[in-house]
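Just so we're on the same page: letters track the sequence lines, and every chain starts at 1. Just so you know, these numbers use all the heavy atoms, side chains as well, and skip hydrogens, waters and symmetry mates.
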Amino acid sequence: MAGFVFVQIAYLCRNFFNMSLMLSEQEQVRRQSLAELYQAGINPYPPEQFEVTTNTQIITEQFNENKDAFQDISIAGRIMSRRIMGAASFVELQDSAGRIQLYFKRDDLCPGEDKTLYNNVFKRMLDIGDIIGVRGFVFVTQMGEITVHVTEMKVLSKSLRPLPIVKEKDGKLYDAFTDPEQRYRMRYVDLIVNEQVKDTFIKRTKAINAMRNFFNEHGYLEVETPILQPIPGGASARPFVTHHNALDIPLYLRIANELYLKRLIVGGFDGVYEFSKDFRNEGMDRMHNPEFTVLEIYVAYKDYLWMMDFTEAMIERTVKETTGTDKVKVGDHEISFQRPFKRVTMLDAIKEHTGFDVSGMDEAGLREVCAKLGIETDESMGKGKLIDEIFGEKCEPNYIQPTFITDYPVEMSPLCKRHRENPELTERFELMINGKEVANAYTELNDPIDQRRRFEEQIRLSERGDNEAMFIDQDFLRALEYGMPPTSGMGIGIDRLVMLLTGQSSIQEVLLFPQMRPEKVKKMAETSDFVKLGVPEEWATWIVQAGYQSLEAFKEEKPAVLMQKLNGLRKKNKLDIPALQIDTVEAWLK
RNA sequence: GAUUCGUUAGCUCAGCCGGUAGAGCAUCUGCCUUUUAAGCAGAGGGUCCCGGGUUCGAGUCCCGGACGGAUCACCA
């Protein structure tokens, strides 16, 4: 340990000067404190465990009922604020459960003659953001706040960057850390300082657990299927392409897991489900992330009517277990998840919201209706796509309360069984909530001949220019030819469901690490680069500080300007080196 | 991809008609033994996103670019 500490101090000293040119004042102060901790014989990153006996939430909730239980406790967490008043101080400590106030009194923390731990370690070497462990007893201050009176303190991790300081009074936030870019890029900071963010992600996991439990209770099997697929099937979307070196073939990141799950139904499972990451190489905005989470479930010997009841029950239970109620506020609307949900056929929905009865219409007729409704169309659109456009444009936004839209045109649903009463339609439903599609389900197509014909129809659409039409998966067709029992399947966009449950209006708020354009890292020239050009070391360290961050910028500078800047820095920083002469500078730039 | 708004201290933000860059919190120094977003007093801290242009002079005006937000289009 002693040897290691020496190495650490030597490293800090050697690099301090160079780093100090790049670091903000507050970062320099923290590195200084770090060095002082080592010098005081304290390891700021101790390896051994720190035993925690309780947490902030348990203390605040249970102290008043059972004071005796909290007379010798230890907790650990991050320092979020400090109020130092001479020989006494208050600290707000945050752990995973919440926050509590700590009270430090010099003579209680340091009962002997040596007051170093309080005067130097606590007051000088610790900062907001550091992680400490404390032992002590709980009491109530004159202001009525439950507080831990600290008798022992241990440094557990020194923080080298200043946290954004968010303060709160009566529910009002001061200096909140709100910039979405910084919040998403540095989610760890967001989670530390913005309490509500943690809640969102706890709810997300609760929702997924509720669904998983529901499926398991029904005896369905959670499975895993390939993410890398030779043929990206099961949906119409643009896939990501990658390459497998050993096989020397292209592979696609999955856009859906439908075709693999159905193979498992062929294989004899009664019910299979998977929570899966899917990937689509399309635009990004507040509703779309290139990777997103989907739940798909397939159950043998069922149809879409059964699946509607099943979905309804699952959603209702998930909402209750996640939020504690069956009502959720989203924007101006209060959404009730109380069963039963409304059910409307797609053609009735279009009739209701546009006045047009499009049942049985041909492509030309549909184009005419679109024109009358002011909906743009193009040559690549077939009947299904046209009806979908009308619905999406004129109907979908109206369904705020949970509503099942049923019986979609056959052209829109190449994997779905034809409707038992009308072969132009399919046995399909989508669940609309808050004007958005949340779930999608079929009575699955298990007729291999019909399935092949539908894929071929998709290929024809693809040749017309619809670049989202499906590929033909021959192995999937072979599986169907062995015989798949009648099956119903359903998929849910988990991210969008979580958005509803947490009242968020952008998908980035429910993804821990949403996709962002990579941060641009400026390539900075280093001291040694300038030394190589013949600049003496004592000057080289100041060149970056003078504003030359690349060798190119440095080499292009006029000698007189460079000399002025450097001599300016010499004067400002009272450097103990002789002032530069113009011919010296000219020599560097050659 | 289009439109639009934004980018100034560690954080949140001012900055007027173009004239030496500001506040609060945070940081540092000193004083303070129960304070409640903020004790008191003082101090330090800036590549005003980047690059051009106009100008005697640009954080400010003009052009181009980067990144981000919002809206729209495509998609789940």
Novice: Starting from the 5' end of RNA chain B, give me the residue, A/P164 or A/A88, whose nearest nucleotide shows up first.
Specialist: A/P164
Novice: At 4.0 Å (heavy atoms only), tell me whether A/I84 reaches a base, stays on the sugar-phosphate, or touches nothing.
Specialist: base
Novice: So what does A/R517 hit on the nucleic acid, given a heavy-atom distance under 4.0 Å: a base, only sugar-phosphate, or nothing?
Specialist: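 The answer is sugar-phosphate, as A/R517 gets under 4.0 Å only of primed atoms, P, OP1 or OP2.
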Novice: Is it the case that more than 12 heavy atoms not belonging to A/R187 sit under 6.0 Å from its CZ atom?
Specialist: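 Yes - once you tally the heavy atoms of other residues, nucleotides and ligands closer than 6.0 Å, there are more than 12.
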Novice: Base, sugar-phosphate, or nothing: which does A/Q26 touch, judged by heavy atoms less than 4.0 Å apart?
Specialist: base
Novice: A/R99 CZ to B/A37 P: how many Å, rounded?
Specialist: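 Value for this atom pair: 13 Å.
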Novice: Tell me whether the guanidinium CZ or amine NZ of A/K262 lies under 6.0 angstrom from the six-membered ring centre of A/Y260 and within 45° of its axis.
Specialist: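 Here A/K262 fails the 6.0 Å and 45° test against A/Y260.
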Novice: Report which part of the nucleic acid A/D495 touches: base, sugar-phosphate, or nothing (heavy-atom distance under 4.0 Å, all strands).
Specialist: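 No contact at all - A/D495 keeps every heavy atom at 4.0 Å or more from the nucleic acid.
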Novice: Report which part of the nucleic acid A/Q101 touches: base, sugar-phosphate, or nothing (heavy-atom distance under 4.0 Å, all strands).
Specialist: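 Contact class for A/Q101: base.
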Novice: Would you indicate what A/D285 reaches in the nucleic acid, counting non-hydrogen atoms under 4.0 angstrom: base, sugar-phosphate, or nothing?
Specialist: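 Base: the residue A/D285, judged by heavy atoms under 4.0 Å, touches a nucleobase.
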Novice: Need the glycosidic conformation of B/C56: syn if within 90° of 0, anti if not. Which one?
Specialist: anti
Novice: Look at the side chain of A/T141 and decide which nucleotide, out of B/U33, B/U35, B/U12, has an atom nearest to it.
Specialist: B/U35
Novice: Measuring only the C1' atom in each nucleotide, how far is B/G51 from B/C72? A whole number of Å is fine.
Specialist: 31 Å
Novice: Would you mind classifying the nucleic acid contact of A/R183 as base, sugar-phosphate or nothing, using non-hydrogen atoms under 4.0 angstrom?
Specialist: nothing
Novice: Calculate the interatomic distance between A/L160 atom CG and B/A26 atom C1'; express it in whole Å.
Specialist: 17 Å
Novice: Could you tell me whether A/R286 contacts a base, only the sugar-phosphate backbone, or nothing, with contacts defined as non-hydrogen atoms closer than 4.0 Å?
Specialist: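 It contacts sugar-phosphate atoms only.
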Novice: Do A/R82's NZ or CZ and the ring of A/F122 fall within the cation-pi criteria of under 6.0 Å and 45°?
Specialist: yes
